[in-house]
Engineer: 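What follows is a single structure, and I will ask about it in a moment.
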Amino acid sequence: MGKNIYGLLNEMEMDFTEYEETELSDPEKEAAKQRILREVNRMENRTGNRMGKKKKRTGKWKIAAGTAAACALTISAIGVANPTLAENMFSNTFGKLIDTVKGEKYEEEKTAIYSKIGEKSVEAKEELAKREEKEEYAISAEDNGVTISVSDIYCDGYVLYYTATLKTDNEGLNQSDGILTSSKDAGSDILKVEGMDLSGYTSQAFQKSDGSVFVSANTIDLLSGISSGAFKAGENGTIIADWTITNLTGNLWDSWDAQGEYENTASVDGTWHLRFPVTVDTSENETFAIDRQENEVVVKDAVKTKAGLVIHVHLPDFRKAPYFDPYNDPDIGIKDAEGNFLQWMSQKHEENADGTTESWIMVLYNGEKELSFEVTAKDEAQTKLAEIAFQVP
């Protein structure tokens with residue numbers, strides 16, 4: 001595997017004796033972050049890299065990215081000149097994740113998520129340091145020559161997001177492009193939050209980063225858990241996550257066996273049990289009313305979180321007149337003032353007795369003030385059913 005941008009930058013010889021070391025205040029750090037984000041936006045404008053002018057019709061939710069992949073290079077360069085600033089923006093694990101998606105189809109979308117969540121997350125060891133009962137937790141586990149560790153944690157009550165690293169001396173695993181934690185046999189990757197099994201809400205492979213290091217990002221949709229009534233996230237409280245892995249399978253992403261499955265390089269059984277505390281940080285959550293409607297589509301209210309925006313909407317039964325959609329499945333999305341769709345993070349539906357639907361939609365949020373909620377039919381003309389503009393305070 002070729003050297004990544006981080007390795008190349010680390011090999012640069014620089015004379016720091018000519019620079020005066022200065023500790024930045026919190027306002028200065030925030031100002032520097034904003035300058036970087038503005039520079040990213042200018043790069044996008046110069047290159048014409050604006051996605052989302054028209055929705056792709058490949059699924060129920062249509063999304064587009066809002067951050068350029070150049071963000072990774074910009075932040076890396078700043079990090080070399082000012083390590084304190086880089087550390088405050090996001091951890092090394094997020095930097096590795098950004099590097100693993102270079103050249104992928106959804107590079108921009110993933111870079112946007114990793115950058116924003118990384119900026120707002122906390123390191124697992126920091127979560128552990130806040131608690132006296134450390135013996136109850138395990139943020140790292142080793143078995144059969146493989147060590148898995150939880151690196152970063154983000155939770156706003158709607159989404160639980162955590163990153164992890166895998167290090168191994170197993171030659172077969174190290175030859176793989178990525179390592180899956182779920183085998184053909186069910187139950188090899190179990191994630192429980194407050195005792196509730198949420199394993200089905202995420203399944204992320206460990207992607208090869210460098211040498212014997214693999215990294216993964218895991219998103220747990222707490223909206224669905226909350227809707228069931230069995231799980232309550234609480235406010236500024238602590239929830240406990242139990243993550244148990246019993247099988248690791250190395251795979252080559254561009255090679256398949258006779259059955260059409262990814263070609264395996266190795267399979268390792270063991271028990272990796274990680275138990276880590278999560279602070280449900282609602283300190284930045286802000287609810288505001290919208291109460292606007294068009295053609296029976298109602299945008300009721302929204303909640304701003306540390307990294308997302310949760311929109312609560314009421315949708316009519318689109319199978320009925322005047323819509324006549326037999327699948328009750330139009331395209332929906334949230335646009336910014338330039339016509340770009342904000343990136344999807346999570347979604348929950350609750351159908352009412354009359355066929356109407358209450359929907360909570362979470363998107364990645366970067367401070368946009370002028371937004372609109374759009375509903376479009378999946379007919380040939382792509383008929384617009386509703387376009388409801390609203391402002392975010």
Engineer: Strictly below 4.0 Å, N to O, side chains only: are E358 and K300 in salt-bridge contact?
Structural biologist: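 A salt bridge links E358 with K300.
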
Engineer: Are any of the side-chain nitrogens in K110 or E104 under 4.0 Å away from the carboxylate oxygens of its partner?
Structural biologist: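 Yes, charged N to carboxylate O under 4.0 Å.
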
Engineer: Decide yes or no on side-chain hydrogen bond (donor to acceptor under 3.5 Å, both in side chains) for Y154 and D156, but give the supporting numbers first.
Structural biologist: CA-CA 7 Å; Y154 168 92; D156 56 14; 2.6 Å; yes

Engineer: Hey, are E107 and K102 close enough for a salt bridge, meaning a charged N less than 4.0 Å from a carboxylate O?
Structural biologist: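 So E107 does not pair with K102 through a salt bridge.
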
Engineer: Out of the candidates T357, V375, T356, only one should pair with F318 under the side chain to side chain contact (heavy atoms under 4.5 Å, CB included) rule; please name it.
Structural biologist: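 Passing option: V375.
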
Engineer: Counting distance only, does the side-chain N/O of K378 pair as donor-acceptor with the main-chain N or O of D329 below 3.5 Å?
Structural biologist: yes

Engineer: Determine, using the 4.5 Å side-chain heavy-atom cutoff (strictly less than), whether L252 and L166 are members of one ILVMFWY cluster.
Structural biologist: no

Engineer: Assess, by modelled atom type and distance only, whether the side chains of Q347 and H349 contain a donor and an acceptor separated by less than 3.5 Å.
Structural biologist: yes

Engineer: In this structure, which one of V363, V392, I311 forms a side chain to side chain contact (heavy atoms under 4.5 Å, CB included) with L371?
Structural biologist: V392

Engineer: Evaluate ring pair (Phe, Tyr, Trp, His ring centres under 6.0 Å) for W243 paired with F276, printing each intermediate quantity in order.
Structural biologist: CA-CA 8 Å; W243 187 26; F276 52 97; 7.3 Å; no

Engineer: Do N218 and S216 have a side chain donor and acceptor closer than 3.5 Å?
Structural biologist: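 Result is yes, a qualifying pair exists.
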
Engineer: Kindly indicate, with the supporting measurements, whether the criterion side-chain hydrogen bond (donor to acceptor under 3.5 Å, both in side chains) is fulfilled by S283 and D281.
Structural biologist: CA-CA 6 Å; S283 61; D281 186 0; 2.5 Å; yes

Engineer: If only side-chain N and O atoms count, and only distance matters, is there a donor-acceptor pair under 3.5 Å linking R292 with S372?
Structural biologist: no

Engineer: Does E142 use its side chain to pair, donor to acceptor, with the backbone of G145 at less than 3.5 Å?
Structural biologist: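 Pair found, side chain donor or acceptor close to backbone of G145.
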
Engineer: Are the side chain of N264 and the backbone N or O of A266 linked by a donor-acceptor pair below 3.5 Å?
Structural biologist: no

Engineer: Going through the distances and angles, do S267 and D269 end up as a side-chain hydrogen bond (donor to acceptor under 3.5 Å, both in side chains)?
Structural biologist: CA-CA 7 Å; S267 182; D269 292 326; 4.7 Å; no

Engineer: Hey, is K130 close enough to E127 for a salt bridge, meaning N to O under 4.0 Å?
Structural biologist: yes

Engineer: Aromatic rings W253 and Y262: how do their planes relate, parallel, tilted or perpendicular, breaks at 30° and 60°?
Structural biologist: perpendicular

Engineer: Using a strict threshold of under 4.0 Å (side-chain N to carboxylate O), is an ion pair present between K125 and E123?
Structural biologist: yes

Engineer: For D221 and S346, does a side-chain donor sit closer than 3.5 Å to a side-chain acceptor?
Structural biologist: yes

Engineer: Should N247 and S188 be marked as a side-chain hydrogen bond (donor to acceptor under 3.5 Å, both in side chains) after you check the CA-CA gap, both sets of side-chain angles, and the distance that decides it?
Structural biologist: CA-CA 6 Å; N247 176 264; S188 60; 5.2 Å; no

Engineer: Regarding T376 and D331, do their side chains bring together a donor and an acceptor under 3.5 Å, going by distance alone?
Structural biologist: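 The criterion, which ignores hydrogens and geometry beyond distance, is not satisfied for D331 and T376.
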
